[in-house]
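Values below: every heavy atom of this structure, side chains too, minus hydrogens, waters and symmetry copies.
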Amino acid sequence: MCVLDETALLDVVAEARADGHRVVFTNGTFDLLHGGHLRVLEAAAALGDVLVVGVNDDESVRRLRGPSRPVMAQDDRAALGAALGCVDHVVLFPDDTVDRLLELLRPAVHAKGTDYDDSTLPERETHARLGIETAYVGGVKERSASALLARGAAAAGATDPDVLWTYGAVDGRVLRRARAFLREHGWLDLRRLAT
């Protein structure tokens with residue numbers, strides 16, 4: 001249960017394979033680890049003897065999820081994954097897909113959550129070429145980090161209630177803090193904005 005660099009991980013996987021152990025690999029951003037992740041990881045671990053988890057580094061998360069992500073730094077995301085009892089090893093990786101890691105590690109199984117299928121899995125050609133078994137695990141996807149972040153943002157917005165904004169015949173709603181900012185900069189004056 002540790003975070004390894006790729007070189008050390010290759011040695012560990014080779015040793016596990018030499019000892020007759022079945023290596024299972026899964027991957028993700030794990031940005032805000034939640035119960036859905038845990039179900040996927042536990043189900044993936046049940047498919048073999050050694051579970052290796054690839055965690056996207058911060059740069060790849062930004063490319064995949066946008067400039068406001070990740071919420072948690074890569075070292076924290078990797079350490080949380082490694083702390084789970086079902087996970088044997090974690091590796092950070094810089095790529096948008098795990099094709100390169102699959103080439104290096106050659107696991108028996110690549111497990112993914114049920115939000116993927118054969119038509120949406122980016123690594124499907126690598127699986128076919130290398131003979132890697134594909135498993136979709138974890139049950140129906142009921143949670144996502146994006147949904148959790150949206151709920152958190154909504155909860156934060158609830159502490160800043162919107163207020164009615166009327167200017168002439170125009171009615172609208174604006175968050176109280178936003179209205180204060182707009183007023184402070186003179187942007188609530190529609191006539192001034194129009195000119």
Side-chain angles (χ1 to χ4, degrees), residues 1-6 9 25-44 51-84 86-87 89-102 110-117 119-124 126 136-165 172-188 193:
M1 293 177 244
C2 58
V3 180
L4 300 173
D5 64 30
E6 287 183 20
L9 181 60
F25 178 80
T26 191
N27 65 284
T29 62
F30 302 100
D31 192 22
L32 291 186
L33 191 64
H34 55 72
H37 290 136
L38 184 59
R39 281 196 311 277
V40 167
L41 294 169
E42 288 176 336
L51 177 61
V52 176
V53 178
V55 175
N56 290 83
D57 72 4
D58 289 347
E59 277 303 309
S60 64
V61 175
R62 273 189 277 285
R63 285 191 307 272
L64 294 167
R65 301 282 192 254
S68 65
R69 303 282 294 274
V71 174
M72 295 176 58
Q74 63 189 33
D75 292 339
D76 292 338
R77 291 182 286 116
L80 284 170
L84 298 173
C86 59
V87 175
H89 305 289
V90 171
V91 62
L92 287 163
F93 69 97
D95 313 301
D96 293 353
T97 70
V98 290
D99 289 301
R100 185 183 60 79
L101 274 179
L102 292 172
H110 182 200
K112 291 296 286 181
T114 56
D115 50 328
Y116 288 90
D117 61 34
S119 68
T120 60
L121 184 70
E123 300 86 3
R124 66 187 167 277
T126 301
Y136 301 105
V137 298
V140 177
K141 185 170 183 177
E142 297 171 344
R143 294 174 183 82
S144 76
S146 297
L148 288 172
L149 288 169
R151 284 180 55 202
T159 63
D160 184 23
D162 63 349
V163 293
L164 182 62
W165 171 38
R173 300 200 74 74
V174 65
L175 293 177
R176 191 178 305 275
R177 284 186 295 230
R179 183 177 183 207
F181 177 84
L182 294 171
R183 178 179 286 131
E184 177 183 333
H185 291 87
W187 296 339
L188 284 179
L193 282 174

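Residues meeting the salt bridge (charged side-chain N to carboxylate O under 4.0 Å, His left out) test with E59, sequence neighbours left out: R62. Scored by the side chain to side chain donor-acceptor pair (under 3.5 Å) test, S60 finds N56, D57 as partners (sequence neighbours excluded).
In this structure a side-chain-to-backbone donor-acceptor pair under 3.5 Å is present from T26 to A111. Judged by distance alone, the side chain of R69 and the main-chain N or O of G66 form no donor-acceptor pair under 3.5 Å.
By the 4.5 Å heavy-atom criterion applied to side chains, L101 and E6 are counted as neighbours. Using a 4.5 Å heavy-atom threshold, the side chains of T120 and D115 count as separate.
Residue F93 places its CZ atom among more than 12 non-hydrogen atoms of other residues, nucleotides or ligands, all under 6.0 Å distant.
Minimum interatomic distance between A44 and L51 (heavy atoms only, all atoms of both residues): CB-CD1, 3.9 Å. Shortest non-hydrogen contact noted between D99 and T97 is OD2-OG1, 2.9 Å.
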**Request:** Kindly indicate, with the supporting measurements, whether the criterion side chain to side chain contact (heavy atoms under 4.5 Å, CB included) is fulfilled by L4 and V91.
**Result:** CA-CA 5 Å; L4 300 173; V91 62; 5.6 Å; no
**Message:** Working note: L80 + F30, criterion side chain to side chain contact (heavy atoms under 4.5 Å, CB included); need CA distance, chi angles, decisive distance, verdict.
**Reply:** CA-CA 9 Å; L80 284 170; F30 302 100; over 6 Å; no
**Message:** Checking D31 against T29 for the side chain to side chain donor-acceptor pair (under 3.5 Å) test, could you report, in this order, the C-alpha distance in whole Å, the side-chain angles of both residues, the deciding distance, and whether it holds?
**Reply:** CA-CA 5 Å; D31 192 22; T29 62; 5.8 Å; no
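Remark: of the listed residues V3, D58, V71, D58 is the sole one forming a side chain to side chain contact (heavy atoms under 4.5 Å, CB included) with R77.
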